[in-house]
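Heads up, the thing below is written out as structure tokens.
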Amino acid sequence: MSSNNHTDSEQPALQSSTKDFEKALLDENHQNYFFKLYVAGMTPKSQRAITNLHMICETHLQGHYELEVIDIYQQPLLAKQDQVIAVPTLIKQLPLPLRKFIGDLSRTELILAGLEIIKKPL
Amino acid sequence: MQQLLKTPTGINGLDEITEGGLPLGRLTLVCGGTGCGKTLLAMEYLVRGATQFNEPGVFMSFEEKADELSKNFASLGFDLDELIDQKLLTIDHVRLEPAEIEEAGEYDLEGLLIRLGYAIDSIGAKRVVLDTIEALFSGLSNKNILRSELRRLFHFLKDKGVTAIVTAEQGELTFTRFGLEEYVADCVIFLNHSVYQQIATRRIRIVKYRGSAHSTNEYPFLIDQQGFSVMPISSLNLDHKTSSKRISTGVERLDTMLSTQGYFRGSSILVSGTAGTGKSSLAAHFVNAACTRGERCLYFAFEESQNQIIRNMHSIGIDFSQWVEQGLLQFQNARATQYGLEMHLVAMHRIIDQFKPTCVVIDPISNLVATANVAEVKSMLSRLIDYLKMKEITVLCTDLTTPDDSTLEHTEVNISSLMDTWLLLKALECNGERNRVLYIIKSRGMAHSNQIREFIFSTKGIDLRDVYIGSSGVLTGSARANQEAKNLAEALDCQQQIEFREREIERKKLAIEAQILALNTQFEAEKENLIRLINKEQQRNHTLLLDQQAMIKLKQADTPSPLDNALADTEKGDVE
């Protein structure tokens, strides 16, 4: 017991990340999504992307997502930071792993599979 | 008529082969295989632009991160971080992870354009590099979108008025793997890295330059501590000025053989011969003479180290160390196989440009054959000699010939036609000894001796002696000394004979003169006697006549007798 205690006190970080992991497993269906959508001005392509994304989120992730829409004309530095080259680009910051979707997000099936909301169609 | 404007790259030699630089405000494609120096060329273009022309540049990297680039270029002496701080350079690393990107619909590359536009505007860039834009093709799958977007990107760059370099990987049959040359049609530069006999040589070629004349050849280039240098060597031509000034060979009698004044300044001299015939020593005399005149000399040694040459030349009374200390003599020691032929040439050019010598020695050129074939060596040497002649630098090359050649009038690399003066050193073997002799095979533009000379080393240096040419052929060494002694004895003998005969003449003369004197004396004596007898006869005649007259008188004759007249005659004709 004493040796176990010793280990616990030495590695609190490990313990807490283990707890997080267990919690995340439990909350799998209720975790919060954080999206960034990069667009270049209000082009039809940008508008389509925003509409498509809203539809996906409202249908599948209602209540537990956050979305930030960024116009790279306004904030070109952010484009450099997030390694955006194509527009529109959707970045799933959370939950990890980070994923990027480029295009007007019209391929809903592919996005849902990529977001692991539904299983990939076989 | 407006000509195409150009942006100088500032890279050694590249501006010369492009006749001024890259097309201003247009795109240049730099393509080539892996490790051929594309990124380096592109980065040096930006660094030179920033430091020499004060033109800021943007480096958009699709492969290496900014800090990796900084580290890599620090080894070439380019401080990228400082340039970034001074707002002369921006590095934007574009990272593409195909694994984390899904293509979910229609897209364009506006993001890339905006980033590039932002980077250009933030420092007012005039130069842009995209290295290597083809990475997009492996990151994104929709080729149609990519192609149209690339075309848009290139138009965007032209609209921005920047002069850009786009690098691309070489394809199997095309210049670039993804056919970028279709979009970037203004200027295409191709870099190549080839290996011959385990020695790698980098080469550069301008494949295309729309609207401008350019050199079409492949030029070797060098990447070293000073970056990229291209040597546009084969663009030299045969219109260099020629000097009629003369410089000493360092050996007095050799000067005499070359119409008393030695080599022409700015000419090329070949000293060929078999091993151990004194080629390097002759070269050393030439160097020594030049340094004594206060001129700078560059010595390319492919066989011996600097210290070894200094030590060896001490033995023939030449002190190279003093010239090295005074900075008049510089050695460049390198094994011929250390790098490729073109690299040798480039390295030689560079050191000649830095040191600015008036005399150059290459000892020996035959070693260069180890690195390439004869034709290449010949072409390299002809370019080197042209270059040296253009700079009015006198070059002396030594060439080792193999002794089993039937004729020695042949050089290892067949370069004799490039040479103005050709001295042949040869070892003659007879009476169990080898003796060195020297001929002048040719010497353009001057009367030169046709004589063979014996070549003798001493602690005072090289001495040339006449050889003995007689009925038994050409004699050298001890045979010559022997013959000379014999000749001397013969001459002495002859002299003695002459003196002996002269003395004999003198003696004969004296003897004959004595005889003449004796005969004269005798003659005088006889003459005197005869005169006395004559007088005596006359006296007696006279007396006889007187007697007759007296007798006539006694007979008392009154008429003068004819005898009186006869008497008068005898008195008159008296001999004195």
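Computation of the quantities below employed the complete heavy-atom set of this structure, encompassing side-chain atoms and omitting hydrogens, waters and symmetry-equivalent molecules. Chain letters run A, B, ... following the sequence lines, proteins first and then strands; every chain starts at 1.
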Side-chain contact, heavy-atom cut-off 4.5 Å: A/K80 with B/Y118?
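A/K80 vs B/Y118: side chains apart.
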
With a 3.5 Å distance limit and no angle check, can you tell me whether B/R115 reaches the backbone of A/P76 through a side-chain donor-acceptor pair?
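A pair under 3.5 Å: no.
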
Counting only N and O atoms by type, is there a donor-acceptor contact under 3.5 Å from the side chain of B/E102 to the main-chain atoms of A/F101?
no

When you look at NZ of B/K65, are more than 12 heavy atoms from neighbouring residues, nucleotides or ligands closer to it than 6.0 Å?
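Result for NZ/B/K65: open.
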
For B/K126, look at atom NZ and say whether over 12 heavy atoms of other residues, nucleotides or ligands are found less than 6.0 Å away.
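Check fails, neighbour count at 12 or below.
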
Just verifying a value: how many Å separate [X] [atom1] and [Y] [atom2], rounded to the nearest 0.5 Å?
X: A/L110; Y: B/E103; atom1: CG; atom2: CD; value: 9.5 Å
X: A/I102; Y: B/L109; atom1: CD1; atom2: CG; value: 8.0 Å
X: B/I101; Y: A/L90; atom1: CD1; atom2: CG; value: 12.0 Å

Any chance you could lay out the side chain to side chain contact (heavy atoms under 4.5 Å, CB included) test for A/Y73 and B/I114, step after step, and finish with the verdict?
CA-CA 7 Å; A/Y73 285 125; B/I114 289 169; 3.3 Å; yes

Could you tell me which of [options] has the largest number of non-hydrogen atom pairs under 4.5 Å with chain B?
options: A/T89, A/N52, A/L77; result: A/L77
options: A/K92, A/Q83, A/R107; result: A/Q83
options: A/K100, A/R48, A/R99; result: A/K100
options: A/A49, A/A79, A/S106, A/P88; result: A/A79

Contact class of [X] relative to chain A, heavy atoms under 4.5 angstrom:
X: B/L136; value: side chain
X: B/L140; value: side chain
X: B/I145; value: neither
X: B/R95; value: both

Segment of A/L105 engaging chain B (4.5 angstrom heavy-atom cut-off):
both

Looking at A/I72 and B/G111, what are the two nearest heavy atoms and their distance?
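The answer is CD1-CA, 3.5 Å.
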
What pair of heavy atoms forms the shortest contact from B/A104 to A/I111, and how long is it?
CB-CG1, 3.7 Å

